[in-house]
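Just below is one structure, and these are the notes that go with it.
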Amino acid sequence: MQYSGQRTRVKDILDRETAGGEVMVQGWVKTRRSSGAVSFIQISDGSTLRDLQIVVEQSSPDYALVETLNTGCSVSVVGELLESQGRNQKYEINATKLEVLGQADPEEYPLQKKRHTLEFLREIAHLRPRTNTFGAMARVRNTMAYAIHSFFQERGFQYIQTPMITASDAEGAGSMFRVTTLDLQDPPRREGLVDTAEDFFGQPTFLTVSGQLEAEIFALAMTDVYTFGPTFRAENSNTSRHLAEFWMVEPEVAFCDLDGLAELAEDFLKYVFSSALDKCPEDMAFFNQWYDNTAISTLEGIINSSFERLTYTEAIKLLESSGETFEFPVSWGLDLQSEHERYITEKRIGRPVVVTDYPRDIKAFYMRMNDDGETVRAMDVLVPRIGEIIGGSQREEREDVLLDRMRQSGLDAENYWWYLDLRRYGTVPHAGFGLGFERTVQFATGMQNIRDVIPFPRTPKNAEF
RNA sequence: UCCCCAGUAGCUCAGCGGUAGAGCGGGCGGCUGUUAACCGCUAGGUCGCAGGUUCGAAUCCUGCCUGGGGAGCCA
């Protein structure tokens with residue numbers, strides 16, 4: 001089903017069983033090669049990685065127009081679908097009518113026929129979707145986003161929309177962006193301090209760092225829920241794995257413990273990666289060829305193998321007995337560093353690893369205390385090259401234990417009155433995890449920098465476009 | 001935020017104390033059912049910004065800005 005009259009998508013044309021018949025295609029010129037008697041135009045409409053070759057003969061009334069075409073122009077073409085005489089494509093269109101919809105001055109248009117660096121393309125994020133790389137990225141990203149919904153929907157989970165603006169200022173996940181309508185040049189004051197009672201919400205508000213606490217509310221009513229939306233971190237993180245605005249998937253399941261959650265995480269990742277391979281074979285082959293020649297085999301390996309389970313204590317023992325020299329110390333009670341995680345998942349196990357039961361002191365207050373009083377039911381899913389891709393836990397459902405943990409963490413229980421209410425009225429064991437969507441796309445495609453797997457990256461000092 | 005590296009033509013880079021170069025892209029011309037087509041000619045740069053050293057700075061030094069790699073924080 002299409003909504004634009006006579007136009008046929010490039011993908012639909014190239015996927016046809018046979019040639020023949022008149023078609024109309026519309027898209028953007030990738031390259032043009034002139035000949036004495038004939039001119040070739042490669043056009044793309046983003047529906048597929050493949051270009052469509054348009055042939056215009058010199059005898060055509062529109063041939064003069066063709067001479068004005070260059071990379072970036074938009075065109076509308078009517079012609080006959082033929083078997084191509086050339087080797088690099090199955091079909092081509094012999095144009096009978098050509099219309100230029102929009103010019104692109106070749107002296108100014110920044111995209112060229114050759115390859116550009118990813119750094120340069122980031123500076124022209126409004127044009128980079130027209131490149132093979134970002135077209136492929138957008139299609140894989142779309143497919144994975146759809147797979148996330150279908151995975152949960154097929155399993156009876158309800159999709160919950162949690163708020164992006166929150167008054168909880170310490171959800172334990174880093175610095176937050178302030179949301180305010182106050183005049184920053186001249187804010188209302190009360191006893192010398194900014195009077196937040198005058199602000200839009202009558203109190204300090206922020207952009208959310210996680211929908212987890214709200215998702216728990218719905219899990220304790222609808223049992224199986226998930227969120228999928230943008231989250232924000234005001235950390236001054238300058239790495240290839242961090243964004244100030246990123247998308248997170250957060251399932252939350254009632255009547256579920258950490259073992260059940262680990263199973264869910266494993267099934268989930270396999271489903272999403274399978275979907276990318278099955279539905280975007282050309283795009284994945286492109287990434288495999290140009291960016292990471294292990295991308296496809298890595299995903300296939302994950303889909304066909306079971307994840308390794310390791311407790312934090314076992315992971316420490318493994319690291320201590322590895323004989324490896326690490327920059328950071330390995331000792332029970334200290335958090336695993338990137339180098340440790342990568343050693344485990346890349347060098348020792350060679351596939352995803354679920355590390356569970358971390359020391360309570362390095363994990364958030366809401367994670368369920370184990371009987372040993374020292375560890376909590378937390379889990380991290382580690383994957384080669386990226387490291388932590390999922391962080392989750394069984395939640396503390398016992399009100400008294402949760403209150404203790406909040407006090408130890410220096411949190412004011414009054415601010416979490418509704419969160420505590422969930423433990424007071426009909427509490428049940430429950431668990432959930434968070435998955436960084438961009439990191440998942442990054443992992444699947446083999447792209448090195450997270451800024452290249454989101455359409456418009458938001459990073460410190462950069463909010464262009 | 002910390003450590004390291006880099007900013008020279010539209011893009012990718014070379015030049016690393018003596019006054020600016022290549023390839024690609026652009027323009028013009030030629031040739032060919034072409035495939036990042038090919039061949040010839042040609043235009044195009046206050047060498048990131050601000051100071052300093054020097055007879056002389058793209059080149060050495062200092063500061064700042066921007067980008068990249070790594071680390072921390074995490075997803």
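Protein chains get the first letters and strands the later ones, always in sequence-line order, with residue 1 at the start of each. Because the structure is predicted, anything quoted here is derived from the model rather than measured. Values below: every heavy atom of this structure, side chains too, minus hydrogens, waters and symmetry copies.
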Using purine N1 to pyrimidine N3 plus N6-O4 or O6-N4 for Watson-Crick, or N1-O2 and O6-N3 for G-U wobble, each under 3.5 Å, what pairs with [N]?
{"N": "rG23(B)", "result": "rC11(B)"}
{"N": "rU53(B)", "result": "none"}
{"N": "rC31(B)", "result": "none"}
{"N": "rC2(B)", "result": "rG70(B)"}

With a non-hydrogen cut-off below 4.0 angstrom, is Phe246(A) in contact with a base, only sugar-phosphate, or nothing?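 Base contact.
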
Determine the contact category for Pro110(A): base if any of its heavy atoms lies under 4.0 Å from a base atom, sugar-phosphate if only primed atoms, P, OP1 or OP2 are that close, otherwise nothing.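 Pro110(A): no heavy atom of the nucleic acid under 4.0 Å.
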
Describe, in one word, how the ring planes of Tyr416(A) and Tyr419(A) are oriented to each other, choosing from parallel (under 30°), tilted (30 to 60°) and perpendicular (over 60°).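 The arrangement is perpendicular - the two ring planes meet at more than 60°.
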
Euclidean distance, atom CD of residue Glu388(A) to atom P of rA75(B) [Å, nearest integer]: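 So the two atoms are 5 Å apart, to the nearest Å.
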
Look at [X] and [N] and indicate whether a side-chain polar atom (N or O) is within less than 4.0 Å of OP1 or OP2.
{"X": "Lys113(A)", "N": "rC11(B)", "value": "no"}
{"X": "Thr231(A)", "N": "rA75(B)", "value": "no"}
{"X": "Arg33(A)", "N": "rU34(B)", "value": "no"}

Using atom [atom1] of each nucleotide, how far apart are [N] and [M] to the nearest Å?
{"N": "rC16(B)", "M": "rU34(B)", "atom1": "C1'", "answer": "43 Å"}
{"N": "rG52(B)", "M": "rG17(B)", "atom1": "C1'", "answer": "15 Å"}
{"N": "rG15(B)", "M": "rU8(B)", "atom1": "P", "answer": "14 Å"}

Give the residues of residues 134-144 of chain A touching RNA chain B, defined as any heavy atom closer than 4.0 Å, sorted by residue number.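 Contacts with RNA chain B under 4.0 Å: none.
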
Of the nucleotides rA75(B), rA37(B), rG25(B), which has the atom closest to the Met248(A) side chain?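 Nucleotide nearest to Met248(A)'s side chain: rA75(B).
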
Between Val55(A) and Thr117(A), which residue's closest nucleotide on RNA chain B lies nearer the 5′ terminus?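 Here Thr117(A) is the residue nearer the 5' end.
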
Taking donor-acceptor contacts at under 3.5 Å, does the side chain of Gln85(A) reach the base of rU34(B)?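 It does not, because no donor-acceptor pair links the side chain of Gln85(A) to the base of rU34(B) below 3.5 Å.
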
Hey, does the side-chain of Arg115(A) have a donor or acceptor N/O within less than 3.5 Å of a partner on the base of rC24(B)?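 By the distance-only test, no, there is no pair.
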
State whether the number of non-hydrogen atoms from other residues, nucleotides or ligands found under 6.0 Å of Phe218(A) atom CZ is greater than 12.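 No, the 6.0 Å shell around CZ holds no more than 12 heavy atoms from other groups.
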
Please check if the number of heavy atoms outside Tyr159(A) that lie under 6.0 Å from its OH is greater than 12.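 Count over threshold, so yes.
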
Do Glu388(A) and Arg241(A) meet the salt-bridge criterion of a basic N to acidic O distance under 4.0 Å?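 Judged by the 4.0 Å cut-off on N to carboxylate O distance, Arg241(A) and Glu388(A) do not form a salt bridge.
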
Atom pairs under 3.5 Å: protein N/O with N/O of nucleotides 65-72 of chain B:
from    : atom 1 : to        : atom 2 : distance (Å)
rG68(B) : OP1    : Arg122(A) : NH1    : 2.5
rG69(B) : OP1    : Asn449(A) : ND2    : 3.2
rG69(B) : OP2    : Asn449(A) : ND2    : 3.4
rG70(B) : OP2    : Ser240(A) : OG     : 3.3
rA71(B) : N6     : Asn238(A) : O      : 3.4
rG72(B) : OP1    : Gln337(A) : OE1    : 2.5
rG72(B) : OP2    : Ser338(A) : OG     : 3.1
rG72(B) : N2     : Asn236(A) : O      : 3.4

Give a yes or no answer on whether the side chain of Asp357(A) reaches the backbone of Thr311(A) with a donor-acceptor pair at less than 3.5 Å.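 Side chain of Asp357(A) to backbone of Thr311(A), a donor-acceptor pair under 3.5 Å: no, none is there.
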
Could you tell me if Arg155(A) sits above the aromatic ring of Phe151(A), with its cationic atom closer than 6.0 Å to the ring centre and no more than 45 degrees from the axis?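 Yes, Arg155(A) and Phe151(A) form such a contact.
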
I need the full list of ring pair (Phe, Tyr, Trp, His ring centres under 6.0 Å) pairs touching residues 333-356 of chain A, with sequence neighbours left out, sorted by first then second residue.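 Matches after skipping sequence neighbours: Phe326(A)-His340(A), Phe326(A)-Tyr343(A).
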
